[in-house]
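Everything on this sheet refers to the single structure shown next.
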Amino acid sequence: MASVDADASAAGIEVLKHGGNAVDAAVATAAALGVTEPYSSGVGGGGYFVYYDAKTRKVHTIDGRETAPLTADKDLFLENGKPLPFNDAVTSGLSVGTPGTPATWQSALDAWGSRGLGSVLGPATKLARDGFTVDDTFRSQTASNEARFRNFPDTAKLFLPGGKLPEVGSTFKNADLARTYEELGREGVGAVYRGGIGRDVVKTVNEPPVDPGSGYRARPGELSAKDLAAYGTKFRAPSRTSYRGLGVYSMAPSSSGGTSVGEALNVLERTDLSKASEARYLHRFIEASRVAFADRGRWVGDPAFEDVPTKGLLSQRFADSRECLIKDDAVLKSPLAPGDPRHPGTCGKAGDKAAPTTYEGENTTHLTAADKWGNVVAYTLTIESTGGSGITVPGRGFLLNNELTDFSFAPASADVHDPNLPGPGKRPRSSIAPTIVLDKSGKPVVAVGSPGGATIITTVLQTLTGFLDRGLPLVDAIAAPRASQRNAAQTELEPGLYGSPLRSELEGIGHVFKENPEIGAATGVQRLSGGEWLAAAEKVRRGGGSAMVVSPAK
């Protein structure tokens, strides 16, 4: 088990030690992350679950993305004909989508688990009741949200105990969340979609409980009991591409993660990255990322509403028609116009004008699990921005998401089709990319994933190429300093690259960079010989992650 938090990883290991499988352990860890990482995930959010079944050697996925209310339309975030300021939209009922996380847990357990929901929620319930030790990351994330948390009495009471930031080293308890988990264990997830928890969610979204003295105007949403009752997860075929003879499986739309990582890998297929210099490797990685983001902005949205050419986006023919744009001595201009995967043709033939990259909150969380039978889970879950909407459901102990701000607020221009405008019951586009790589025999090689909003795609891509092409041990591929290009004028670099000679070398051929102190927070598992597994997590990012196994090797 690998996650961003030791208490959460321990919850999954406890389930594995008592005979549970990877799915049971993944749900247990996810629930524990709802306790220790409440600003990244929880009952009030959603996510994407990718599962490898060792018996059938097949990969399955669950789309547990939040949905817009059935009353939503393309003008959801317009006020007086103009887009709302982003921060006003985030901290409001308007931003809250129908939660998908509880349904994802139940769907995964019903399909592939060996334990009931009440059983796997046990470790997280105890953790919420007894508390966990506050670290620097939790305190700093609370501090960055302190001003808006104070606008909501229930949020302030929970996360600013005694009216103050929680002290590092103190014990943080969440009795309300413990009771919520107990209720879910007794009644099942119907408590959310047809019961008391759901009624509390609806009331909170539609009447945000703001402190009257704060002066803050939290715009109400229009979530209804009908929205909750209509919600369902989607079992989708995974995205799939071949890379260096391996099968790369990830999340298909409504996420753009699988198609974008897959397209970028296809673009890189013709380049021998194992022999490339560090500068050429990074240049090719950056340019492949730029191409993939140009295409995702034009083509990827919720497939229930948009005609998403998933097969075309993942075809080698289309990738080849885009790869030929990349030169070793020059940089592609941004924003780059998309290609047309329906009609891949001559090199450089572009379609519409460039579509912008929608801003996505960079928090979220990811876990990766494997069991003794060889089953594997890569699961990324989120409430969007750090702290989500900032609105806690009174008496329930969890924050509500702001996932609907992943929609475009308005079309970029009248002559560019935007597949990511809001709609009734529509899932906003995501960048989440939990990924499992299989060898030619259909057995796992590695599984990885990361939080980080739109940087998830580049983080997963860089980790995979570092591990598969550059020969880095998994933990070093995760730890390597990162770059992130998302069809923008500037490429973001972590300090390890921003301060290196590589930066000057790449600037010499036209790259423009800006510094980002931290990109992503990946975890992974790797299948070793002899039935053993390696778990890997961050060494430093997000305060360091946590990789655990049931029986550690000496």
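Here the structure is a predicted model, which means the values were calculated and not measured. Numbering starts at 1 and runs along the sequence shown.
In this structure, the side chain of N174 does not engage the main chain of A128 through any donor-acceptor pair within 3.5 Å. In this structure, the side chain of R65 does not engage the main chain of P253 through any donor-acceptor pair within 3.5 Å. S260 contributes no side-chain N or O that, together with a main-chain N or O of G257, makes up a donor-acceptor pair within less than 3.5 Å. Using a distance-only test at 3.5 Å, with no hydrogens or angles considered, a donor-acceptor pair links the side chain of S92 to the main chain of L94. A donor-acceptor pair under 3.5 Å links the side-chain atoms of S140 to the main chain of T137, judged by distance alone. When atom types are taken as modelled, the side chain of S500 and the backbone of L497 share a donor-acceptor pair closer than 3.5 angstrom. Side chain of T101 to backbone of G45: a donor-acceptor contact under 3.5 angstrom is found. A distance-only check finds no donor-acceptor pair linking the side chain of N402 to the backbone of V96 [under 3.5 Å]. When atom types are taken as modelled, the side chain of T29 and the backbone of A11 share no donor-acceptor pair closer than 3.5 angstrom. In this structure, S255 contributes its side chain and M251 its backbone to no donor-acceptor pair below 3.5 Å.
Summarising the geometry, atom CD belonging to E494 is positioned 7.0 Å from atom CD belonging to E518; distances are rounded to the nearest 0.5 Å. Rounding to the nearest 0.5 Å places CG of L314 at 5.5 Å from OG1 of T241. Residue L461 holds its CG atom at 13.5 Å from CD1 of I456, rounded to the nearest 0.5 Å. Atom CZ of R542 is separated from atom CG of D136 by 14.5 Å, given to the nearest 0.5 angstrom. Taking CZ of R148 as the start and OG1 of T91 as the end, the distance is 4.0 Å to the nearest 0.5 Å. Going from atom CD of E263 over to atom CZ of R296 covers 11.5 Å, rounded to the nearest 0.5 Å.
The shortest side-chain heavy-atom distance between R470 and Q462 does not fall under the 4.5 Å cut-off. Two residues are said to be in side-chain contact when any heavy atoms from C-beta on lie closer than 4.5 Å; S389 and L400 meet this criterion. Side-chain atoms of F318 and L313, non-hydrogen and from C-beta on, do get closer than 4.5 Å to each other. Between F152 and V210 there is a side-chain heavy-atom pair separated by less than 4.5 Å. Residues W299 and P341 meet the side-chain proximity criterion, which asks for heavy atoms closer than 4.5 Å. Residues L273 and L268 are in side-chain contact: their nearest non-hydrogen atoms beyond the backbone lie under 4.5 Å apart. Counting only heavy atoms from C-beta outward, the side chains of T465 and L265 approach each other to under 4.5 Å. Considering only heavy atoms from C-beta on, H366 stays 4.5 Å or farther from S3 through its side chain.
T142 and Y39 are linked by a side-chain donor-acceptor pair at a separation below 3.5 angstrom, with hydrogens and angles left out of the test. For the residue pair T368/T523, the side-chain donor-acceptor check at 3.5 Å is satisfied. Side-chain atoms of Q485 and S289 include no donor-acceptor pair closer than 3.5 Å. In this structure, a donor-acceptor pair under 3.5 Å is absent between the side chains of S254 and D302. No side-chain donor-acceptor contact under 3.5 Å links S40 and T365. Judged by distance alone, the side chains of S250 and Y48 never bring a donor and an acceptor atom under 3.5 Å apart.
For the ring-ring contact (aromatic ring centres under 6.0 Å, His included) test, residues two or more places apart in sequence or in another chain that qualify with H511 are H283, F513. Residues that satisfy the side chain to side chain donor-acceptor pair (under 3.5 Å) test with E287, not counting sequence neighbours, are R290. In terms of the side chain to side chain donor-acceptor pair (under 3.5 Å) criterion, residue partners of T392 (sequence neighbours excluded) are, by chain and number, T155. Remark: R482 pairs with E538 by the salt bridge (Lys or Arg N to Asp or Glu O under 4.0 Å) rule, at least two apart or across chains. Listed by chain and number, the residues in a ring-ring contact (aromatic ring centres under 6.0 Å, His included) with Y281 amount to none (sequence neighbours excluded).
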### Message
Show, in sequence, the C-alpha distance, side-chain angles and deciding distance for D88 and R219, and conclude whether the side chain to side chain contact (heavy atoms under 4.5 Å, CB included) test is met.
### Response
CA-CA 8 Å; D88 289 350; R219 291 164 175 82; 3.6 Å; yes
### Task
Would you check, one step at a time, whether the test side-chain hydrogen bond (donor to acceptor under 3.5 Å, both in side chains) holds for R486 with S484?
CA-CA 7 Å; R486 305 188 295 282; S484 184; 2.8 Å; yes
### Task
Starting from the C-alpha separation in whole Å, work towards a yes-or-no answer on side chain to side chain contact (heavy atoms under 4.5 Å, CB included) for L464 and T435.
CA-CA 9 Å; L464 286 175; T435 302; 4.1 Å; yes
### Criterion salt bridge (Lys or Arg N to Asp or Glu O under 4.0 Å) on E66 and K426, from CA distance to verdict
CA-CA 8 Å; E66 301 88 340; K426 191 174 183 180; over 6 Å; no
### Query
Should T36 and D5 be marked as a side-chain hydrogen bond (donor to acceptor under 3.5 Å, both in side chains) after you check the CA-CA gap, both sets of side-chain angles, and the distance that decides it?
CA-CA 7 Å; T36 61; D5 179 78; 3.1 Å; yes
#### Entry: Trace of the side-chain hydrogen bond (donor to acceptor under 3.5 Å, both in side chains) decision for Y243 with D469
CA-CA 10 Å; Y243 185 68; D469 290 301; 2.5 Å; yes
### Message
Evaluate F467 against Q526 for side chain to side chain contact (heavy atoms under 4.5 Å, CB included), listing each step before the verdict.
### Response
CA-CA 10 Å; F467 176 74; Q526 176 189 355; 3.7 Å; yes
### Task
Quick one: do R284 and I326 satisfy side chain to side chain contact (heavy atoms under 4.5 Å, CB included)? Show the steps, please.
CA-CA 8 Å; R284 286 270 162 173; I326 301 173; 3.9 Å; yes
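Of all heavy-atom pairs spanning S95 and N401, the tightest one is O-OD1, 3.7 Å. The minimum heavy-atom distance linking I391 with G93 is given by the pair CD1-N, 4.2 Å. For the residue pair A535 and A547, the shortest heavy atom distance occurs at O-CB, 3.3 Å. Contact between G466 and A477 at its shortest, heavy atoms only, is C-CB, 4.2 Å. Residues Y379 and A30 come closest through the heavy atom pair CE2-CB, 3.7 Å. Across every non-hydrogen atom of P517 and P495, the tightest pair is O-CD, 3.7 Å.
With respect to the salt-bridge test (charged N to carboxylate O, under 4.0 angstrom), the residues R217 and E79 qualify. A salt bridge links R322 with D295: at least one charged nitrogen is closer than 4.0 Å to a carboxylate oxygen. Contact check on D476 versus K539 returns a salt bridge, with a Lys/Arg side-chain nitrogen under 4.0 Å from an Asp/Glu carboxylate oxygen.
Using cut-offs of 30° and 60° for the angle between ring planes, the F159 and F138 rings count as tilted.
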Throw together a table of side-chain donor-acceptor distances under 3.5 angstrom for residues 69-78, partners on residues two or more places apart or in other chains.
residue : atom : partner : partner atom : Å
T71     : OG1  : E222    : OE1          : 2.9
D73     : OD1  : D75     : N            : 2.9

